[in-house]
Amino acid sequence: MPELPEVEVVRRGLERWVSGRVIAHAEVLHPRAIRRHVPGAEEFSSRLKGRTIGSAERRGKYLWLPLDGSDAILAHLGMSGQLLVVEPGSAPERHLRVRIGFTDGGPDLRFVDQRTFGHVLVTAMAHSGGRPVPEPITHIAADPFEEHFDEDLFGRRLRARQTEVKRALLDQSLISGVGNIYADEALWRARLHGARPTGALTRPKIAELLGAAREVMAAALSEGGTSFDSLYVNVNGESGYFDRSLAVYGRRDEPCPRCGAPIIRESFMNRSSYSCPRCQPRPRRAGA
DNA sequence: CCTTTCACCTGTATGC
DNA sequence: TGCATACAGGTGAAAG
């Protein structure tokens with residue numbers, strides 16, 4: 001379940017191992033993996049052949065590899081997607097979807113995705129949120145680590161929403177990069193229940209929540225995004241997400257690290273929410 | 001226009 | 001043992 005910190009680790013790995021190299025061939029092994037590439041698999045392959053990859057970029061959970069010219073390879077890992085850097089002759093992974101080989105004979109870039117929620121495509125660039133981004137993600141808001149992230153704008157738009165605060169945190173058109181895990185962690189740090197209505201949040205509380213989101217994701221990143229000298233440990237050695245910075249997620253019945261009350265799990269939007277019933281009391285009704 | 005729900009996927013864990 | 005069910009949950013289309 002890659003969220004911003006996990007995707008940033010992948011971006012750094014791509015920067016280290018793929019940027020600057022020339023594509024020799026690209027092969028699509030599962031059509032669903034390129035379902036957002038409208039011209040289809042053949043065009044995907046022919047368009048990539050001979051292209052040089054630039055510096056890896058990211059917004060929220062999307063990452064892209066600019067190509068010489070004015071387009072880019074855009075990728076989203078979905079729930080189970082991985083971008084692996086592996087020896088070109090090595091056996092195909094069980095869920096290998098796209099394979100990109102290089103003219104230097106060095107390691108392949110492979111998109112492996114068990115559940116095929118992720119996807120890869122080649123697209124033109126556009127402009128959004130103060131910088132160039134691939135055209136299909138112009139509706140994705142800046143993430144809180146971007147230089148041009150507008151904190152006042154975020155606060156105004158959040159308070160204007162007629163919804164609950166956790167829904168808003170997960171809305172990638174309002175703030176990007178936050179998924180279910182770090183949403184729960186940020187809410188815990190800010191002592192907010194996810195069902196609190198956005199309209200009733202004070203500006204200081206919103207600033208606290210945003211700061212909490214930044215802190216927990218930065219902590220996760222510092223655990224997972226250290227050195228990239230070793231290909232296999234840092235680029236491919238997933239370890240999933242970064243457990244040690246998690247206070248509530250997946251910890252039902254364990255003591256709250258702050259007050260000791262047992263963490264509870266609630267069902268929400270067809271998924272799990274974890275919180276401390278004492279630090280984060282559920283609002284009684286709208287406005288609480 | 002804004003908000004909510006649902007389909008898309010498959011491996012793993014759990015219950016009967 | 002085998003079968004059925006729940007669960008993991010990000011995204012965008014569809015529905016409300």
Side-chain angles (χ1 to χ4, degrees), chain A residues 1-11 28-38 58-64 74-83 92-98 111-121 123 128 133-141 143 154 156-187 194-201 213 217 220 238-243 246 248-253 263-275 286:
Chain A
M1 306 79 214
E3 301 182 27
L4 187 153
E6 294 80 13
V7 177
E8 173 60 16
V9 169
V10 175
R11 189 201 67 77
V28 176
L29 293 100
H30 194 307
R32 188 172 154 76
I34 58 143
R35 65 194 178 282
R36 306 252 172 237
H37 186 81
V38 179
R58 183 187 57 73
R59 164 168 280 182
K61 303 168 197 171
Y62 283 90
L63 51 84
W64 65 94
L74 175 65
H76 193 290
L77 301 178
M79 297 296 298
S80 55
Q82 298 173 284
L83 284 166
E93 291 76 9
R94 173 122 127 110
H95 301 292
L96 178 62
R97 309 305 189 196
V98 177
F111 180 65
V112 175
D113 189 7
Q114 174 208 122
R115 287 162 71 184
T116 67
F117 277 26
H119 58 99
V120 177
L121 71 160
T123 176
S128 161
V133 301
E135 192 279 328
I137 63 163
T138 51
H139 66 294
I140 299 294
D143 72 55
F154 167 71
R156 286 197 303 276
R157 294 186 63 202
L158 181 72
R159 295 217 298 179
R161 291 286 169 101
Q162 300 293 309
T163 190
E164 299 171 354
V165 63
K166 183 167 177 181
R167 288 180 185 274
L169 274 182
L170 294 174
D171 185 342
Q172 305 295 299
S173 69
L174 181 63
I175 180 173
S176 69
V178 182
N180 195 48
I181 296 170
Y182 296 117
D184 278 2
E185 294 299 318
L187 289 165
R196 291 275 290 274
T198 48
L201 296 176
M217 290 195 290
E238 28 178 314
S239 84
Y241 29 118
F242 308 126
D243 267 28
L246 303 186
V248 289
Y249 184 84
R251 303 195 188 281
R252 175 164 53 174
D253 295 334
I263 298 301
I264 60 170
R265 175 188 176 278
E266 295 173 291
S267 195
F268 170 84
M269 290 167 69
N270 269 337
R271 62 201 61 186
S272 295
S273 287
Y274 296 90
S275 62

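Below, chains carry the letters A, B, ... as their sequence lines are ordered, and counting in each starts from 1.
Closest-nucleotide positions on DNA chain B for A/R32 and A/Q162 were compared, and the one nearer the 5' end corresponds to A/Q162. Annotation: of the two residues near DNA chain C, A/K61 and A/Y274, the 5′-most nearest-nucleotide partner is A/Y274.
Between A/H76 and A/H119, the ring planes lie parallel to each other; the angle is under 30°, not in the 30° to 60° tilted range.
Using a 4.0 Å heavy-atom criterion, one finds that A/S80 contacts no nucleic acid atom at all. If you check every strand for non-hydrogen atoms under 4.0 Å, A/H119 touches nothing. At a threshold of 4.0 angstrom between heavy atoms, the contacts of A/H30 with the nucleic acid are absent. A/Y62 comes within 4.0 angstrom of the backbone, heavy atoms only, and of no base. Across all strands, A/R36 comes closer than 4.0 Å only to sugar-phosphate atoms, never to a base (heavy-atom distances).
Checking A/S128 against A/R59 by side-chain atom types alone, a donor-acceptor pair falls below 3.5 Å. For the 3.5 Å distance criterion, the side chains of A/D113 and A/S80 qualify, holding a donor opposite an acceptor.
Distances were taken from every side-chain heavy atom of A/R167 (C-beta onward) to each of B/dT10, B/dT4, C/dG10; the shortest belongs to B/dT4. Relative to the side chain of A/R115, the nucleotides B/dT4, B/dT10, C/dG10 differ in distance, and B/dT10 lies closest. The A/R265 side chain lies nearest to C/dC7 when the options are B/dG11, B/dT3, C/dC7.
At C/dG10, one or more side-chain N or O atoms of A/R271 fall inside 4.0 Å of OP1 or OP2 (strictly under the cut-off). In this model, the phosphate group of B/dT10 is not approached by any side-chain N or O of A/H95 to a distance below 4.0 Å at OP1 or OP2. Contact between the side-chain N/O atoms of A/Q172 and the OP1/OP2 oxygens of C/dT11 is found at a separation under 4.0 Å. In terms of phosphate contacts, A/S272 brings a side-chain nitrogen or oxygen within less than 4.0 Å of OP1 or OP2 of C/dA8. Residue A/R161 places at least one side-chain N or O closer than 4.0 Å to OP1 or OP2 of B/dT3.
Here the closest non-hydrogen pair linking A/R161 and A/D171 is NH1-OD2, 2.7 Å.
Not one N or O on the side chain of A/R157 forms a donor-acceptor pair closer than 3.5 Å with the backbone of A/I175.
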